[in-house]
Amino acid sequence: MGKFDTLIKNGIIVTASDRYKGDIGIKDGKIEEISLKMADSDAKKVIDAEGKYVFPGGIDAHTHLDMPFGGTFSSDNFLTGTRAAAVGGTTSVIDYAIQPIGDTLENTAKIWREKADGKACIDYGIHIAVTDTKGKTLEEIPKMVQAGYSSYKVFMVYDNMRVEDDDLIKILKTASNEGAIIGVHCENYYVIKYLTEKFLKEGKIGPEYHPLSRPAVIEGEAANRAIVLSEIAKAPLMVVHSSCKESVEEIRAARAKGLPVMGETCPQYLLLSEECYHEENFGGSKYVMSPPIRNKSNWSELWRAVREGDLQTVSTDHCPFFMKQKELGINDFSKIPNGAPGIELRMPLMLTYGPKNGLSFEKIVEVTASNPAKIYGMYPKKGTIAVGSDADMFIYDPDKKMKVTVNMLHENVDYTPFEGFELSGYPVMTLSRGEVIAEDGEYTGKEGRGEFLRRGKCTVI
Ligand code: URP
Ligand code: ZN
Ligand code: ZN
């Protein structure tokens, strides 16, 4: 009988602070021991990672699985979405439960748990998107935080989800009193409404008008407003899916003043540019997401911000829709469901394009795993490779060159915005709580094995 259930040997272990060759002994789903050399006889199962890297499992802190949007639902549910995530090296997600107008937060969480329990293949947490402060919503927040729902989201846009500034400030105040963090979708609703109506009246109905109706300056304006409100409420703030230098500048200035403000970006904003909206045959609809993909002059500023710590996390905002669903907006760009897939490719894209933009593997671990775990109350159970942590990790083969095509992916959608991207390596095995759940591009774990992450209080970093 071995001392360990599994031994991963000879891999190059990478954390946010270290990179070294070593062996990892796993027992009962946890990392039991890490040392430079262990004996094969110590373990029931031995995995040889010679020539490969061992990374902490990715944490995708921004997903929309089975989400109602614009008269339809995002096409990945908790089964298909988390299965795809696992193949791509992600071992935890935090998904957004959207409060139905008039409903309680408790019931919102229940609805999302019913979508996830028995389906999720990796561990999952839930942020609650507050859409309605009437009734007893604010009073519910303390007990919701106690129950592990320690982060909230507010949309400044979208007709049936947005809240006004006076409610935003109340949510910021109430949630922060409980040690929770509020993520804010920052865009100016009224400018979007004005520009959208104007374009449609002029017969400008195609997806290429989506980015024009939501210019970068209104993301910067809304980020500034959210930061001012958070300063007044003395509350920490996370500016989610920052897409442009205008919002990054606001986050950087706030941090320079010592305010507890953080920022997130996503691979699509680091790697895609606005020309995509001109793809023919309604192809531009693939990239209709909010905020929109920007001019490529933003790339260097976003990469710099990740490198230098102005932005703390890189998530996906995974929110896929089939092309058939995108066609809901064939005659009106404002009716195209907003969102795009990305859950499976985040780690491979970051590990290929991060180093080309000055990010070390350690920095990539920081923004894709350790920082999300720290900010959202899961560290060091998740987000690192350390004795006592959950044995969540993936083995990455730096020699497995790939070219992205939708057919190799497991996301439940008929396109990827990253079609044709070259990858300089790929995850070849993923472990979640010590169990091998994906191998050589296929999910091998049990369906529905993922557990709810009852998260602790959030931390500003
Ligand atoms: O277009 C997007 N991002 N759809 C998902 C909802 C959101 O705004 O995060
Ligand atoms: Zn958003
Ligand atoms: Zn989102």
Side-chain angles (χ1 to χ4, degrees), residues 60-77 81 85 93-99 112 124-131 151-163 168 171 181-189 192 196 207 209-211 213-214 216 218-219 222-223 225-226 237-244 247 262-270 272 274 276-277 284-294 313-322 325-326 328-329 333-343 346 372 376 411 413 415 417:
D60 190 343
H62 189 151
T63 66
H64 299 282
L65 300 171
D66 206 357
M67 181 209 190
F69 195 104
T72 185
F73 283 81
S74 60
S75 58
D76 262 321
N77 60 23
V93 292
I94 315 182
D95 200 75
Y96 288 95
I98 314 290
Q99 178 192 14
W112 243 256
Y124 71 95
I126 290 177
H127 312 279
I128 309 245
V130 180
T131 62
S151 45
Y152 293 80
K153 181 172 183 180
V154 169
F155 293 97
M156 295 171 96
V157 291
Y158 302 134
D159 279 334
N160 41 18
M161 295 198 286
R162 60 186 277 272
V163 306
L168 173 52
I171 298 165
I181 278 184
I182 294 89
V184 181
H185 176 133
C186 299
E187 289 184 289
N188 184 309
Y189 172 79
I192 296 166
T196 301
Y209 291 99
H210 172 75
S213 69
R214 314 177 88 103
I218 67 159
E219 184 179 329
R225 192 155 28 102
L237 176 76
M238 167 64 83
V239 176
V240 298
H241 50 40
S242 175
S243 73
C244 57
S247 58
M262 298 177 284
E264 169 200 77
T265 191
C266 314
Q268 56 270 31
Y269 301 121
L270 294 161
L272 301 178
E274 63 188 359
C276 60
Y277 290 107
S285 66
K286 292 176 192 167
Y287 312 92
V288 168
M289 64 185 79
S290 297
I293 303 293
R294 306 294 186 189
T313 64
V314 177
S315 311
T316 62
D317 195 13
H318 179 77
C319 188
F321 297 98
F322 281 94
Q325 295 173 286
K326 291 278 184 183
L328 285 166
F333 69 87
S334 71
K335 295 200 164 57
I336 300 170
N338 281 207
I343 205 166
R346 180 182 65 135
Y376 294 114
E411 297 163 339
V413 59
Y415 77 93

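Note that this is a predicted model, so its numbers are computed, not measured. When a ligand or atom number is given, it counts from 1 through the structure's own listing order.
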>> Only heavy atoms of Met289, strictly under 4.0 Å: list the atoms of ligand 1 that pass.
In response: 1 (O)
> So, Cys319 and the Zn ion (ligand 3): N/O/S under 2.8 Å, yes or no?
Replying inline: no
> What is the name of the N/O/S atom in Asp317 that sits closest to the Zn ion (ligand 3)?
Replying inline: OD1
> What N, O or S atom of His185 is found closest to the Zn ion (ligand 2)?
Replying inline: ND1
>> Within the 3.5 Å criterion, strictly below it, is a donor on Asp76 or His318 matched to an acceptor on the partner's side chain?
In response: yes
> Between Thr131 and Asn160, is any pair of side-chain heavy atoms under 4.5 Å apart?
Replying inline: no
> Considering only the protein, which heavy-atom contact is closest to atom 6 (C) of ligand 1, and what is its distance?
Replying inline: His64 NE2, 3.6 Å
> Closest non-hydrogen protein atom to atom 3 (N) of ligand 1, residue and atom name please, with distance?
Replying inline: Asp317 OD2, 2.6 Å
>> Going by side-chain hydrogen bond (donor to acceptor under 3.5 Å, both in side chains), His62 matches just one of His241, His127, Glu264. Which one?
In response: Glu264
> Hey, which atoms in ligand 1 end up nearer than 4.0 Å to a heavy atom of His62?
Replying inline: 9 (O)
>> If we check side chain to side chain contact (heavy atoms under 4.5 Å, CB included) with Val154, which of these qualifies: Leu237, Ile171, Val240?
In response: Ile171
> Once rounded to 10°, what is the value of the angle centred on the Zn ion (ligand 3) between His62 NE2 and His64 NE2?
Replying inline: 110°
> If you count the atoms of ligand 1 from 1 in the order shown, which ones are under 4.0 Å from a heavy atom of Lys153?
Replying inline: 7 (C), 9 (O)
>> Give the atom numbers and elements of ligand 1 that come within less than 4.0 Å of a heavy atom of Ser290.
In response: 1 (O), 2 (C), 3 (N), 8 (O)
>> Just to confirm my output: which protein heavy-atom neighbour is closest to atom 8 (O) of ligand 1, and how far is it?
In response: Tyr158 OH, 2.7 Å
>> Quick check: closest heavy atoms across Ser247 and Glu219, and the distance to 0.1 Å?
In response: OG-OE2, 2.9 Å
> Would you call Glu274 and Arg294 a salt bridge, taking side-chain N to carboxylate O under 4.0 Å as the test?
Replying inline: no
>> Which of the numbered atoms in ligand 1 are under 4.0 angstrom from any heavy atom belonging to Cys319?
In response: 5 (C)
>> Under 4.0 Å, heavy-atom basis, I'd like to know which part of Asn338 is in contact with ligand 1: side chain, backbone, both or neither.
In response: both
> Which of the atoms in ligand 1, numbered in the order shown and given with their element, are less than 4.0 Å from a heavy-atom of Phe155?
Replying inline: 7 (C), 8 (O)
>> side chain to side chain contact (heavy atoms under 4.5 Å, CB included) for Val93 and Ile343? Distances and angles first, verdict last.
In response: CA-CA 9 Å; Val93 292; Ile343 205 166; 4.0 Å; yes
> So, Phe69 versus Tyr158, ring centres under 6.0 angstrom or not?
Replying inline: yes
>> Please determine whether ring-ring contact (aromatic ring centres under 6.0 Å, His included) holds for the pair Tyr287 and His210, giving the CA-CA distance in whole Å, both sets of side-chain angles, and the decisive distance to 0.1 Å.
In response: CA-CA 9 Å; Tyr287 312 92; His210 172 75; over 10 Å; no
